Structures are given as C-alpha cells and as structure tokens.
There are 2 protein chains.
Amino acid sequence: MRVAVDLFNRQGYDATSVGDVARELGLTKSAIYHHVPSKEHLLQSAVDEALDALTAALDAVSATAGLDAEQRLRAAVRSSVTVLVDHLPAVTLLLRVHGNTPVEKAALARRRGIDQRLADMVREAVDDGVLRDDLDPLVISRLLFGMVNSLVEWVRPGTDAAPLTDAVVALAFDGLTHGAHSPGRRPSNQAGSGSGRGTPR
Amino acid sequence: MRVAVDLFNRQGYDATSVGDVARELGLTKSAIYHHVPSKEHLLQSAVDEALDALTAALDAVSATAGLDAEQRLRAAVRSSVTVLVDHLPAVTLLLRVHGNTPVEKAALARRRGIDQRLADMVREAVDDGVLRDDLDPLVISRLLFGMVNSLVEWVRPGTDAAPLTDAVVALAFDGLTHGAHSPGRRPSNQAGSGSGRGTPR
DNA sequence: GTCTATACGCGGATAGAC
DNA sequence: GTCTATCCGCGTATAGAC
C-alpha cells in the first residue's frame, strides 16, 4: 500500500503499472495480486483513508461545544492541514482523482460533501459578521481550501504540521501585509528596508 | 488541440487515448496522426503555451518601471491569475504534469524557474519591510501561488478574470478578517454573542 | 507467498488505399 | 485528409507449479 501510493503520487495513478509497484518491492506482479484484488483497490483504500480522516476531523470540529462560527472555521482549517500532513500520501492521491471509474466517482462525491461542509462553515462565519463580507463566501472557501490543499504539492512526509498550520491560519485570516496580526497592539509603522532577517531557504 | 487538451484535463493525460480524442472529433486515430506527430506533442504544445504566457507576464512585470517590491508582487499575482484564466486549459494541464517523460521533465524545469522568480518577488517584498516578516518568505510564496493555482480546480472557461483577481489579491494581502481593507467600521459587538446564530439552510 | 507462463485487450503508432 | 487494416508492446489479471 505505502509503496504503491507513493508511486501513484510520483508518477500519477494511470502512469503507474502494477509491475512498477512489484519492481519497487523486489517482487513480481503475481505476488502483488496475491494480496490485492486489483490495482484500483489500492486506489480506493488510499482515498478512503483520506476521506475518513477528513470526515472525522470535521465531525470533531462540529461536535466541539462552545465555538462560535469563526472559531469553528479556524479549527476546520487547522484540522484540515493536520489531516493533510498526517495522511499526506492518501490526501495527495485523493486530490488528484479524476472520476474516470465508479470508484473515483464515489470518491469525488464524498469529497464534494466535505467541500460543502467547509463552504458552509465559511458562510456561517461571514453571516456572523466576523469575516469580511465584501467577497463571495463560496469564493473565499474555494481560495482558502485551495491554499490548504496546495500543501500536497510541496510538503514532505514527516513534516511537523504545527508551524505549517500556524502559517496557513495566519496568512488566511490576517493576510500578508502586516496588520493586526502581531500580539498586542497595532503596529504603527514598519517602513524602511533591512529589518535584519535572513530567513534561509 | 483544444479538444485534446480538454480531454486531458477532464480525464487525465495518461487516461486519455488518442482514440478518445478522435472519437470526440468524429474521426479516427489515423486522422489525428496525420496532423500531429504524437500524443506527447499535444501535451508539449499546451504546456509550452502556458509556460510562455506565464513567462511573458512575469517579464512584463519586471520590465515595468517605477514599481516597488510590493507593487511588483501584487502585479505578479494579478498577472498570474489573468494568465491562468486566459489560458485555463493549458495552465491546468501544466499544473498536473508529473515529469515522467523528457518532455514533462523539461516543462517542470521551466515551471520551477517561474516559481523561483515568484518566490524571489515575495522575498524582496518581505525584505523591503512592506510585508509581514513573521513567516518564511518561501512558505508565503508557496501558499500564495498555491492559492492562485488552485483556481484551475473550479474556474470555468470564459470566466471574467477581473473580479477573481480582485478577490485573490484582497484575500492574500488583507486576509479574511475585516481589518483595514474596507471603508467604514464593522459592528464591534461580536465577542460574547456565543451561539447567536440560527444556521440557515 | 512467490514464482513462471500466459490470456487478452488496449494503447500508440504506421502503411497504404481512396 | 480521412479511411481500413495492421504491427507490436505493455497493461491488468489469472492459472497453476513450487
């Protein structure tokens, strides 16, 4: 499973043959088919892992008492990033499914359900007046979780999710101009170059 | 070309056969091969269109005199969205290339060059002190353009790029809390209202 | 559990008639 | 320019020996 999904993500599902998986494991195709009924079964297992984890994370957010709409949205974003990092191969594969087969169509259907729940959370936060209302909530939702999902393009397995989560939430909610995001007071002015940070790559 | 690239984007490049393209056109495979040397040539033409357009857009930003680092970054974001919408099928295909063949590897190499230029712009804007410096510029760049690139997942051909561009820039630079971006102040009493929302729908 | 051997279809690509 | 016919390799999947 692990080897297969990694190959699917590196080369694409359709471009990866069962022979590729076998070779990577030092086995033959037949050995694979002794343990797995079909190539597509591997795909299904992986996308189900991703969908189950995402659904559970959203359920947990919904079940948490005492959160207002903005807190729920922030929790949903944090959870999404955590699940994405924690189940990186599975989520990566899920996000690349096209819907060519019934299995893929079912995965896309479940995914649309999740996207819908996230979009609802955004809308509720906007309706609550805690978020800017000059943008379409649906557009906000798509951009926000498009940013989250784009993490699969560059995050490496084993990355610590916490700082990443902080960065995503900070950027999404406060933007990249320095405004009210620093602790305590509003910054008055930051003008002038060379603020002495040499952040390496 | 148009039909082929659309199919590539709907089904995936590897999952789309030349026969699929032919059928969609009401022709046979042979008719396709009379006009095109190979399936991969179709891919190359499309990704080249995307890469050329993106490169030209960045060149135009770089060539514009009198812009500071932040203005250049904003222009780069706007240009990227515009190119993405304007060349939606080609850019979509580009963003899904895996690097399995020499053609794809070359496309990825060019794309990395573009990503590098965008990352440099972000870093320059941060170094200039106009953007928040509590986040790694490289992370900012990846999240920012990950958000931009995620547009290919849901933008439809023929969409007007202008409002989309505004939304992306607004969200990216100002975030989704209402802060200093809109004239007039928002209601201030949201703090303790707790469960004061009757969820619509 | 893994192997060799194999069935069988579909994929990209070509030859040559019209 | 488009067709029919065809080549050939590789893909998924299975049978059956060890």
Side-chain angles (χ1 to χ4, degrees), chain A residues 1-51 89-90 92-108, chain B residues 1-51 89-90 92-108:
Chain A
M1 272 289 305
R2 209 169 351 102
V3 167
V5 173
D6 279 354
L7 277 177
F8 292 165
N9 284 328
R10 291 215 305 268
Q11 308 177 343
Y13 173 73
D14 292 295
T16 302
S17 72
V18 178
D20 290 339
V21 180
R23 182 159 15 87
E24 187 91 355
L25 288 167
L27 298 175
T28 60
K29 288 196 282 179
S30 302
I32 306 285
Y33 278 106
H34 178 74
H35 301 272
V36 170
S38 72
K39 178 186 170 184
E40 195 166 26
H41 179 85
L42 291 166
L43 178 67
Q44 173 139 39
S45 300
V47 298
D48 280 348
E49 175 196 330
L51 288 163
T92 302
L93 199 52
L94 171 66
L95 293 177
R96 293 178 178 172
V97 157
H98 283 287
N100 295 330
T101 67
V103 167
E104 298 187 22
K105 280 194 221 302
L108 282 189
Chain B
M1 273 288 305
R2 210 168 352 100
V3 167
V5 173
D6 279 354
L7 276 177
F8 292 164
N9 284 329
R10 291 214 306 267
Q11 308 179 342
Y13 173 73
D14 291 295
T16 303
S17 71
V18 178
D20 290 339
V21 180
R23 181 158 18 85
E24 187 93 355
L25 288 166
L27 298 175
T28 60
K29 286 198 284 179
S30 303
I32 307 285
Y33 279 106
H34 178 74
H35 301 273
V36 170
S38 73
K39 179 186 170 185
E40 196 165 27
H41 178 85
L42 291 167
L43 178 66
Q44 172 138 40
S45 301
V47 298
D48 280 348
E49 174 196 330
L51 289 163
T92 302
L93 199 53
L94 171 66
L95 293 177
R96 294 178 178 172
V97 157
H98 282 287
N100 295 331
T101 66
V103 166
E104 298 187 21
K105 281 193 218 303
L108 283 189

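Residue numbers begin at 1 in each chain, while the letters A, B, ... track the order of the sequences. Basis for what follows: all heavy atoms, side chains included, without hydrogens, waters or symmetry-related copies. Please read these numbers as outputs of a predicted model, since none were measured by experiment.
Note that the CZ atom of B:F8 and the CE atom of B:M1 stand 8.5 Å from one another [nearest 0.5 Å]. Rounding to the nearest 0.5 angstrom, the gap separating the CZ atom in B:R23 from the CD1 atom in B:I32 is 11.5 Å. One finds the CG atom of A:L51 at 10.0 Å from the CD atom of A:Q44 (value rounded to the nearest 0.5 Å). Note: A:S17 OG to A:K29 NZ = 7.5 Å, rounded to the nearest 0.5 Å. One finds the CG atom of B:L25 at 9.5 Å from the CZ atom of B:R2 (value rounded to the nearest 0.5 Å).
Look at CG on A:D20: it is 14 Å from P on D:dA13, rounded to the nearest Å. Straight-line distance from the CG atom of A:L7 to the P atom of D:dT12: 12 Å, rounded to whole Å. Regarding B:I32, its CD1 atom lies at a distance of 13 Å from the C1' atom of D:dC3, rounded to whole Å. When the P atom of C:dC10 is taken as reference, atom CG of B:D14 falls 18 Å away, rounded to whole Å. Residue B:Y33 contributes atom OH, which lies 14 Å from atom C1' of D:dT6 at whole-angstrom precision. Atom NE2 of B:H34 is separated from atom C1' of D:dG1 by 5 Å (rounded to the nearest Å).
Between B:T28 and D:dT2 there is no side-chain N or O to OP1 or OP2 distance below 4.0 Å.
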Below 3.5 Å between N/O atoms, which protein atoms pair up with nucleotides 15-18 of chain D? Just atom names and distances, please.
from, atom 1, to, atom 2, distance (Å)
D:dA15, N6, A:S30, OG, 3.4

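Across residues 35-43 of chain B, B:H35 each have a non-hydrogen atom less than 4.0 Å from an atom of DNA chain D (numbered order).
Of all the heavy atoms in B:R96 and B:N9, the pair that sits closest is NH1-O, 2.8 Å. The two residues B:E24 and B:V3 make their nearest non-hydrogen contact at CG-CG1, 3.4 Å. Closest heavy-atom contact between B:L93 and B:A46: CD2-CB, 3.7 Å.
Among the protein residues, A:S17 comes within range of the sugar-phosphate backbone only, with heavy atoms under 4.0 Å from sugar or phosphate atoms but none that close to a base.
Remark: the B:K29 side chain and the C:dG12 base include a donor-acceptor N/O pair separated by less than 3.5 Å.
Checking B:L27 against A:A15, the closest nucleotide of DNA chain D that is more toward the 5' end is the one next to B:L27.
You'll find the side chain of B:E104 stays beyond 4.5 Å of the side chain of B:V47, heavy atoms only.
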